[in-house]
Q: 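Can you read through this structure? Questions will come right after.
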Amino acid sequence: MYSIIVKTRLKAGTREQFLPVMQENAAASVRDEPGCHVFDVLQDKADPELFYLYEVYEDEAALAAHKETPHYQRSRALVNPLIAEQSVIRAEVLALNPGR
């Protein structure tokens with residue numbers, strides 16, 4: 001499996017716009033994409049404008065397919081203007097513990 005961890009720093013005062021859009025994208029990704037196994041939205045406890053997206057896909061092709069979905073494209077159009085900076089870590093998933 002393949003994972004990305006997206007670190008996103010928002011522009012000041014944009015959290016309330018960002019969060020519902022990203023939560024909907026995350027829910028739609030897991031619900032509608034067979035290749036998306038996990039899409040968690042995390043907020044830094046010390047910095048309310050810093051978010052991490054933890055995403056697990058079957059493989060890199062599933063991530064590429066994710067980027068073609070209407071929910072992804074709709075969310076990017078809405079959140080891109082809110083982002084001050086963003087970086088991505090790409091990783092192979094060696095153990096996934098789904099028992100929540």
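Bear in mind the structure is a predicted one, so any value in this text is a computation, not a measurement. Any value given below was found using the heavy atoms of this structure, including those in side chains, with hydrogens, waters and symmetry copies removed.
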Q: With salt bridge (charged side-chain N to carboxylate O under 4.0 Å, His left out) as the rule and sequence neighbours excluded, what pairs involving residues 72-95 come up?
A: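 Checked against salt bridge (charged side-chain N to carboxylate O under 4.0 Å, His left out) - neighbours excluded - no pair reaches residues 72-95.
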
Q: Apply side chain to side chain contact (heavy atoms under 4.5 Å, CB included) to residues Lys11 and Glu49 and explain how you reach the verdict.
A: CA-CA 7 Å; Lys11 294 176 182 173; Glu49 294 172 344; over 6 Å; no

Q: For Val6, enumerate each residue passing the side chain to side chain contact (heavy atoms under 4.5 Å, CB included) test, keeping only those at least two apart in sequence or located in another chain.
A: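 Only Ile4, Thr8, Leu53, Glu55, Gln86, Val88 meet the side chain to side chain contact (heavy atoms under 4.5 Å, CB included) criterion with Val6.
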
Q: With rounding to the nearest 0.5 angstrom, report the CG to OH distance, Asp40 to Tyr54.
A: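 Here the rounded value is 8.0 Å.
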
Q: Please list, chain by chain and in numerical order, all residues satisfying ring pair (Phe, Tyr, Trp, His ring centres under 6.0 Å) with Tyr2, sequence neighbours excluded.
A: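 Counting only residues at least two positions away or on another chain, Tyr2 forms no ring pair (Phe, Tyr, Trp, His ring centres under 6.0 Å).
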
Q: Measuring from atom NZ of Lys7 to atom CG of Asp44, what distance do you get when rounded to the nearest 0.5 angstrom?
A: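 Those atoms lie 8.5 Å apart.
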
Q: Under the ring pair (Phe, Tyr, Trp, His ring centres under 6.0 Å) rule, collect the residues that match up with Tyr72, sequence neighbours excluded.
A: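 Expected list: His66.
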
Q: Test of understanding: with side chain to side chain contact (heavy atoms under 4.5 Å, CB included), list the residues that count as partners of Ala28, not counting sequence neighbours.
A: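 Residues passing side chain to side chain contact (heavy atoms under 4.5 Å, CB included) with Ala28: Glu24, Arg31, Asp32, His71.
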
Q: With sequence neighbours excluded, give me every side-chain hydrogen bond (donor to acceptor under 3.5 Å, both in side chains) pair touching residues 13-22.
A: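 Only Arg15-Gln43 qualify under side-chain hydrogen bond (donor to acceptor under 3.5 Å, both in side chains).
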
Q: A side-chain contact here means heavy atoms from C-beta on lying under 4.5 Å apart; do Val41 and Asn25 qualify?
A: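 No, side chains not in contact.
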
Q: Which pair of heavy atoms, one from Ala62 and one from Gly35, lies closest together, and at what distance?
A: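 Residues Ala62 and Gly35, closest heavy atoms: CB-O, 3.7 Å.
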
Q: Looking at OH of Tyr52 and CD1 of Ile5, how far apart are the two atoms once the value is rounded to the nearest 0.5 Å?
A: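 Separation between the atoms: 10.0 Å.
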
Q: About how many Å separate OH of Tyr57 and CE of Met1, when rounded to the nearest 0.5 Å?
A: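 Here the interatomic distance stands at 13.5 Å.
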
